Amino acid sequence: SLGPCHPRQRRVAGMMLASVAAGRGSAGSAAPGAPPAWQALRWQRRARHRRPGGAAGSSCCASPCSSCLEVAGCTSHERRKEHPFARKTAAPLSATQALGCLADLPSAQPWLAVYGDSLARGILFDLITLLNNTEAEAVAVHPGHSANFSDGCTIMEARPPTNRPKCGGFDFGVPLPRSDDMSAPHVPGSVVNHGMSSSRPRLLHRQLHLSYRLKTFTWEPAFDEPWLRTLVGGPVPDVVLTSFGIWDMQYPPGGRPEDGLSGFNASLLRFVGALRDAWGEGPSRGRPRVLWLTVTAVSDRKLPPWKRPLLSAARAHEYNELAAPVLRAAGVEVVDTYTSGLLHPDESKDGVHFPGKVGRLHAQLVLRALCSGKPAPSPPV
């Protein structure tokens with residue numbers, strides 16, 4: 001049985017199978033209207049190569065409408081809809097375009113506050129690398145997503161459960177073009193690291209404020225509550241970019257992976273409740289735009305052995321399915337960083353982080369969401 005494919009796909013599949021069968025028989029016995037056997041075999045090979053996340057020649061896609069293709073979308077339209085990373089997208093934003101877009105944030109001194117784990121930190125530094133025009137590896141702003149940063153760190157702290165000292169914050173400023181001269185070229189290397197200075201310098205010109213504060217678990221009152229109090233009692237960011245979930249998966253309650261999802265759900269509801277208490281239910285003058293990065297599609301085979309019983313792409317998918325509707329209902333936009341990792345597992349260096357082209361794509365997804373004013377892409381469900 002060919003299964004519940006699109007009608008056109010069923011017709012093509014039938015012609016393919018008939019043609020292949022005819023090719024194994026006597027000459028001239030092909031089914032009426034069927035393509036030549038060589039063409040049918042080429043279509044079949046293409047179907048195997050195009051299966052998202054799969055290897056060419058996999059038996060899962062031996063027929064053009066096998067279950068793996070149905071899940072990902074039999075037709076190219078469905079496949080693109082399910083996997084945005086595979087879609088033909090617009091050219092990446094340049095440094096000038098990105099800076100011009102961020103300059104449109106409404107505040108006198110626009111502020112993008114990143115509050116998340118190392119995945120969000122990586123996006124921040126990919127964004128800084130773009131704005132500095134330092135995309136070459138030799139002059140990259142940061143050495144890698146999984147590095148233990150210390151240069152220019154605003155706070156060093158020990159976080160449970162390992163309590164290993166690590167950098168918990170960064171603070172940068174980016175000069176913005178004057179409103180009467182947005183065509184002025186961006187000057188490479190103009191991102192300023194404010195580092196450990198006790199107070200940010202007095203700004204004579206408009207600047208974009210880029211800050212990072214480490215968030216590990218989905219709900220940690222010892223860290224989340226002070227962060228929220230600081231924002232409520234002071235200037236409010238234009239945008240908050242957050243990410244969480246991977247630590248909850250890696251360190252589940254009692255070390256039991258089967259209890260991780262329920263623990264994540266409880267922590268998620270606590271964090272969403274705290275956001276609502278801080279900024280209210282709906283859009284208002286004092287409420288920032290909040291974006292959440294989906295839990296990454298863990299590259300299982302790149303993980304060290306001790307993490308493999310705890311982390312997996314399938315489990316990350318479950319976390320995303322649980323979190324996305326809860327966050328959207330709270331007015332949080334969801335940025336799909338899961339799909340690109342799922343399609344490119346070999347791009348991960350350690351099974352969790354995706355430096356390089358995938359990380360740069362994630363930074364572009366955030367920029368596109370901010371610049372378009374539209375909700376960010378959804379994770380696959």
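Not measured: the values here are computed from a predicted model.
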Smallest separation among heavy atoms of [X] and [Y], with atom names:
X      : Y      : value
Trp227 : Arg213 : CD1-CG, 4.1 Å
Gly245 : Thr218 : N-OG1, 4.0 Å
Gly169 : Ile155 : N-CG2, 3.6 Å
Ala120 : Gly116 : CB-CA, 4.1 Å
Val358 : Ser340 : CG1-OG, 3.9 Å
Ala297 : Tyr338 : CB-O, 3.2 Å

Under 3.5 Å, is there a donor-acceptor pair between the side chain of [X] and the main chain of [Y]?
X      : Y      : answer
Tyr212 : Phe172 : no
Arg159 : Leu214 : yes
Arg206 : Ala108 : yes
Asp300 : Ser312 : no
Gln250 : Leu310 : no
Lys215 : Ser243 : no
Gln109 : Gln207 : yes
Arg308 : Leu303 : yes
Ser348 : Gly351 : yes
Thr337 : Thr296 : no

Checking side chain to side chain contact (heavy atoms under 4.5 Å, CB included) against Pro288, which of Leu231, Val239, Leu241, Val240 comes through?
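One option only clears the test, and that one is Val240.
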
With respect to Glu347, which candidate in Lys357, Lys302, His353 satisfies the side chain to side chain contact (heavy atoms under 4.5 Å, CB included) definition?
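When Lys357, Lys302, His353 are each tested with Glu347, the side chain to side chain contact (heavy atoms under 4.5 Å, CB included) holds only for Lys357.
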
Determine, step by step, whether Thr162 and Tyr251 satisfy the side-chain contact (heavy atoms from CB on, under 4.5 Å) criterion, reporting the C-alpha distance in whole Å, the side-chain angles of both residues, the deciding distance to 0.1 Å, and the verdict.
CA-CA 10 Å; Thr162 62; Tyr251 300 103; 3.7 Å; yes

Taking atom [atom1] of [X] and atom [atom2] of [Y], what is their separation to the nearest 0.5 Å?
X      : Y      : atom1 : atom2 : result
Ile128 : Phe125 : CD1   : CZ    : 5.0 Å
Leu261 : Leu322 : CG    : CG    : 5.0 Å
Asp350 : Lys307 : CG    : NZ    : 6.0 Å
Leu208 : Cys101 : CG    : SG    : 10.0 Å
Cys167 : Arg121 : SG    : CZ    : 7.5 Å
His344 : Leu361 : NE2   : CG    : 8.0 Å

Mind checking whether Trp247 and Phe217 have parallel, tilted or perpendicular rings, split at 30° and 60°?
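Trp247 and Phe217: perpendicular rings.
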
Less than 3.5 Å apart, any donor N or O on the side chain of Thr154 or Asp171 sitting next to an acceptor on the other?
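There is no such pair (donor and acceptor under 3.5 Å, judged by atom type) between the side chains of Thr154 and Asp171.
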
Are there over 12 heavy-atom neighbours, none belonging to Arg270, within less than 6.0 Å of that residue's CZ?
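Counting other residues, nucleotides and ligands, CZ of Arg270 stays at 12 neighbours or fewer.
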
Side chain proximity check, [X] to [Y], heavy atoms < 4.5 angstrom:
X      : Y      : answer
Leu127 : Val366 : no
Leu275 : Leu228 : yes
Leu268 : Trp219 : no
Gln364 : Leu130 : yes
Val295 : Leu119 : no
Pro110 : Leu102 : no
Leu105 : Leu370 : no

May I have the step-by-step check of side-chain contact (heavy atoms from CB on, under 4.5 Å) for Thr294 and Thr339, ending in yes or no?
CA-CA 9 Å; Thr294 56; Thr339 299; over 6 Å; no

Output, in order, the C-alpha distance, side-chain angles, deciding distance and verdict of side-chain contact (heavy atoms from CB on, under 4.5 Å) for His362 and Val335.
CA-CA 8 Å; His362 293 167; Val335 181; over 6 Å; no

Could you pull out all residues at least two apart from Ser211 that satisfy side chain to side chain donor-acceptor pair (under 3.5 Å)?
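Applying side chain to side chain donor-acceptor pair (under 3.5 Å) to Ser211 gives Trp111.
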
Among all residues two or more places apart in sequence or in another chain, which pass the ring-ring contact (aromatic ring centres under 6.0 Å, His included) test with Phe271?
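If we apply the ring-ring contact (aromatic ring centres under 6.0 Å, His included) test to Phe271, skipping adjacent residues, the hits are Phe244.
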
Go through the steps to decide whether Leu269 and Val326 satisfy the test side-chain contact (heavy atoms from CB on, under 4.5 Å), and finish with yes or no.
CA-CA 8 Å; Leu269 295 176; Val326 174; 4.1 Å; yes

For Pro160, what residues pass the side-chain contact (heavy atoms from CB on, under 4.5 Å) criterion, not counting sequence neighbours?
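If we apply the side-chain contact (heavy atoms from CB on, under 4.5 Å) test to Pro160, skipping adjacent residues, the hits are Asn163, Glu220, Phe223.
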
